[in-house]
Amino acid sequence: MRVMAQIAMVMNLDKCIGCHTCSVTCKQAWTNRQGTEYVWFNNVETLPGQGYPRRWEDQEKWKGGWERTRSGKLRLRAGGRLKNLGNLFANPHLPQLDDYYQPWTYEYKNLTEAPAGDDMPTARPVSQVTGEPIDKIEWGPNWDDNLGGAPAHAPKDPIVEKIRDEVGEKIRFEFEQSFMFYLPRICEHCLNPACVSSCPSGAMYKREEDGIVLVDQDRCRGWRMCVTGCPYKKVYFNHRTGKAEKCTFCFPRIEVGMPTVCSETCVGRMRYLGVMLYDADRVAEAAAVEDEHDLYPSQVECFLDPHDPAVIEAARRSGITDEWLRAARDSPVHDLIATYQVALPLHPEYRTMPMVWYVPPLSPVVEAVAATGSDGEDAGNLFGAIDALRIPVEYLAAILTAGDTYPVEAVLRRMAAMRAYMRKINLGEERDESIARAVGLTGAEMEDMFRLLAIAKAEDRFVVPTAARPEAEALADTHPLDAAACPVDAVGEPPVLLNISPTRRRS
Ligand code: SF4
Ligand code: SF4
């Protein structure tokens with residue numbers, strides 16, 4: 001057993017209100033400068049929809065992530081480093097700017113400086129990249145937000161296409177009217193990152209101390225193999241510097257025990273941050289299991305119980321400090337993934353072993369029940385509806401469990417039970433233990449889960465240990481943390497922090 005510690009995130013999709021605050025604050029902190037105009041380290045997609053970049057989940061086209069060979073080994077879908085060097089000047093699997101969008105601004109000066117005259121001045125859109133006028137804006141990072149234009153766009157969602165093949169007639173009706181939800185996305189800081197293995201110059205790496213995946217700006221040659229290799233399309237090319245950039249998990253904040261900017265500013269309070277302990281010796285095998293449906297359970301099996309004395313002992317031998325071990329025991333992320341088993345990984349079939357997990361939304365089911373005039377909070381109604389409403393469950397399974405509906409149903413039933421159990425308490429009725437028992441939990445566990453999912457305070461949602469104490473104090477002195485916390489003053493300048501090359505590399 002080789003114990004390693006990773007900072008991980010869980011997002012509760014039932015609580016995302018699609019306000020995009022996380023995207024805006026992240027952009028202000030990290031990509032509010034030339035060369036990254038089109039870049040959103042954090043973005044929020046409406047599903048069903050095409051996402052950003054368009055149809056990023058279509059791995060037939062983009063060749064991101066890993067595939068399993070007949071002999072049971074993993075290989076990059078896009079091919080190894082050597083093959084990719086041959087594609088250096090014509091990589092067919094690289095998204096173009098139009099696949100993201102042409103970032104634009106408006107000629108505001110025309111409005112404020114136009115001389116008095118008979119004609120109303122206008123502010124034409126102009127490209128932020130070329131400075132040229134844009135005749136017609138036809139796509140943006142949130143073009144299909146809130147199902148806008150869904151009749152035209154939602155059927156092009158690669159997941160809709162995939163499950164339409166599987167469920168046939170059932171999905172031929174007005175699909176976009178049956179449900180919608182938001183999916184906020186950042187880099188997954190994967191345990192088996194395809195971006196790192198794709199990089200021929202060794203610039204991409206996963207930090208040994210906390211698992212954060214970063215780009216060493218000094219070593220990056222701008223070959224963009226990482227952009228192709230990442231199946232989540234969460235590495236971006238800075239066209240000014242000619243280097244790759246990506247979500248840094250706000251490491252300067254994490255190192256001093258602060259939550260990421262997207263987590264701290266989340267209006268829905270739907271993000272959780274905490275430590276996960278895992279057995280690094282099991283990662284390669286777990287990522288290569290034959291049946292895609294086994295990928296979710298095999299990743300869970302890599303995670304270690306932070307309360308187990310043998311794990312604590314082995315972790316100490318690996319150099320994990322007591323502060324980190326305490327944080328692992330208090331980790332809300334561990335509770336949601338392993339204790340209550342209500343969080344699931346995003347596209348485990350890409351075999352990168354992602355570390356940003358999601359609590360699937362129950363609200364499409366609740367709304368569908370309420371729309372029939374029935375009580376949408378009643379446990380019996382909800383359990384029945386989860387079984388009956390195949391389309392949302394199959395869609396969620398295609399996103400979160402490589403198409404296996406059983407774990408998604410199990411999570412939704414647990415969430416439905418929690419709602420019904422807590423409603424009785426809030427209405428002053430008797431506690432109904434049978435509701436908790438129906439999903440394999442006790443009433444006390446239901447109440448704990450409710451506290452964490454519904455009303456947790458910041459200190460319960462973010463349990464972030466600092467770097468080793470002396471290192472943390474040195475970091476607080478040397479990192480311009482104020483600039484990271486309030487980056488507006490630094491507009492136009494690349495953040496200094498991106499160029500730091502922290503020391504310990506795992507890969
Ligand atoms: S999600 Fe992040 S860590 Fe995973 S492959 Fe993509 S860039 Fe790498
Ligand atoms: S800030 Fe929170 S609630 Fe708003 S879109 Fe982002 S994740 Fe959702």
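Worth knowing before you read on, the calculation uses all heavy atoms, side chains too, and leaves out hydrogens, waters and symmetry mates. Whatever order the structure lists ligands and atoms in, that order sets their numbers, starting from 1.
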Checklist entry - A194 heavy atoms, cut-off 4.0 Å: which ligand 1 atoms fall inside? => result 5 (S)
Checklist entry - Taking side chain as C-beta onward, heavy atoms only, is V289 less than 4.5 Å from E301? => result no
Checklist entry - What do we get for R269 next to ligand 2 when only non-hydrogen atoms under 4.0 Å count, side chain, backbone, both or neither? => result neither
Next on the checklist: Could you tell me, atom by atom, which parts of ligand 2 come under 4.0 Å of a heavy atom of G268?
Outcome noted: 2 (Fe), 3 (S)
Checklist entry - Below 4.0 angstrom, N of the basic side chain to O of the carboxylate: do D210 and R207 qualify? => result yes
Checklist entry - Under a 4.0 Å N-O cut-off, is there an ion pair linking E161 with K156? => result no
Item to check | Protein contact of atom 4 (Fe) of ligand 2 - nearest heavy atom, named by residue and atom, plus distance | outcome: C19 SG, 2.2 Å
Checklist entry - Salt-bridged, D58 to R55, with N to O below 4.0 Å? => result yes
Item to check | Closest protein heavy atom to atom 7 (S) of ligand 1, given as residue, atom name and distance to 0.1 Å | outcome: V235 CG2, 3.4 Å
Next on the checklist: Distance to the ring centre below 6.0 angstrom and angle to the axis at most 45 degrees; does that hold for R54 and W143?
Outcome noted: no
Checklist entry - How does H189 reach ligand 1, if at all, at less than 4.0 Å between non-hydrogen atoms: by side chain, backbone, both, or neither? => result backbone
Checklist entry - How close does the nearest protein non-hydrogen atom get to atom 6 (Fe) of ligand 1, and which residue and atom is it? => result C230 SG, 2.3 Å
Next on the checklist: Any non-hydrogen side-chain atom of Y278 less than 4.5 Å from a side-chain atom of V283?
Outcome noted: yes
Checklist entry - Counting backbone and side chain alike, does C187 bring an N/O/S atom below 2.8 Å of atom 2 (Fe) of ligand 1? => result yes
Checklist entry - Would you say S263 and M9 make side-chain contact, with heavy atoms under 4.5 Å? => result yes
Checklist outcome for this item: The protein heavy atom nearest to atom 3 (S) of ligand 1 is C190 N, 3.4 Å
Checklist entry - In ligand 2, which numbered atoms sit nearer than 4.0 Å to a non-hydrogen atom of R271? => result 7 (S)
Next on the checklist: Regarding E188 and K234, does a basic nitrogen lie under 4.0 Å from an acidic carboxylate oxygen?
Outcome noted: no
Next on the checklist: If you take the centroid of each ring, where Trp contributes its six-membered ring, are Y101 and Y38 closer together than 6.0 Å?
Outcome noted: no
Checklist outcome for this item: Honestly, for H20 the part within reach of ligand 2 (heavy atoms, under 4.0 Å) is backbone
Checklist entry - Under 4.0 Å between a Lys/Arg side-chain N and an Asp/Glu carboxylate O for E57 and K162? => result no
Checklist entry - Going by the order shown, which atoms of ligand 2 are within less than 4.0 Å of some heavy atom of V44? => result 5 (S)
Item to check | Proximity of P184 to ligand 2 by residue part, where a heavy atom lies under 4.0 Å | outcome: side chain
Checklist entry - In the protein, what heavy atom is nearest to atom 2 (Fe) of ligand 2, and what distance, to one decimal place, separates them? => result C266 SG, 2.4 Å
Item to check | Which segment of I17 sits under 4.0 Å of ligand 2 when only heavy atoms are counted | outcome: both
Next on the checklist: Within the 4.0 Å heavy-atom shell around V267, which atoms of ligand 2 are there?
Outcome noted: 1 (S), 2 (Fe)
Next on the checklist: Give me the residue, atom name and distance of the protein heavy atom closest to atom 1 (S) of ligand 1.
Outcome noted: E188 N, 3.2 Å
Checklist entry - Is the ring centre of Y232 less than 6.0 Å from the ring centre of Y350? => result yes
Next on the checklist: Taking 4.0 angstrom as the limit and counting only heavy atoms of Y232, give me the atoms of ligand 1 inside it, by number and element.
Outcome noted: 1 (S)
Item to check | Electrostatic pair E37-R240, nearest N-O below 4.0 angstrom | outcome: no
Checklist entry - Heavy atoms only: which of G65, P354, C195 is nearest to atom 5 (S) of ligand 1? => result C195
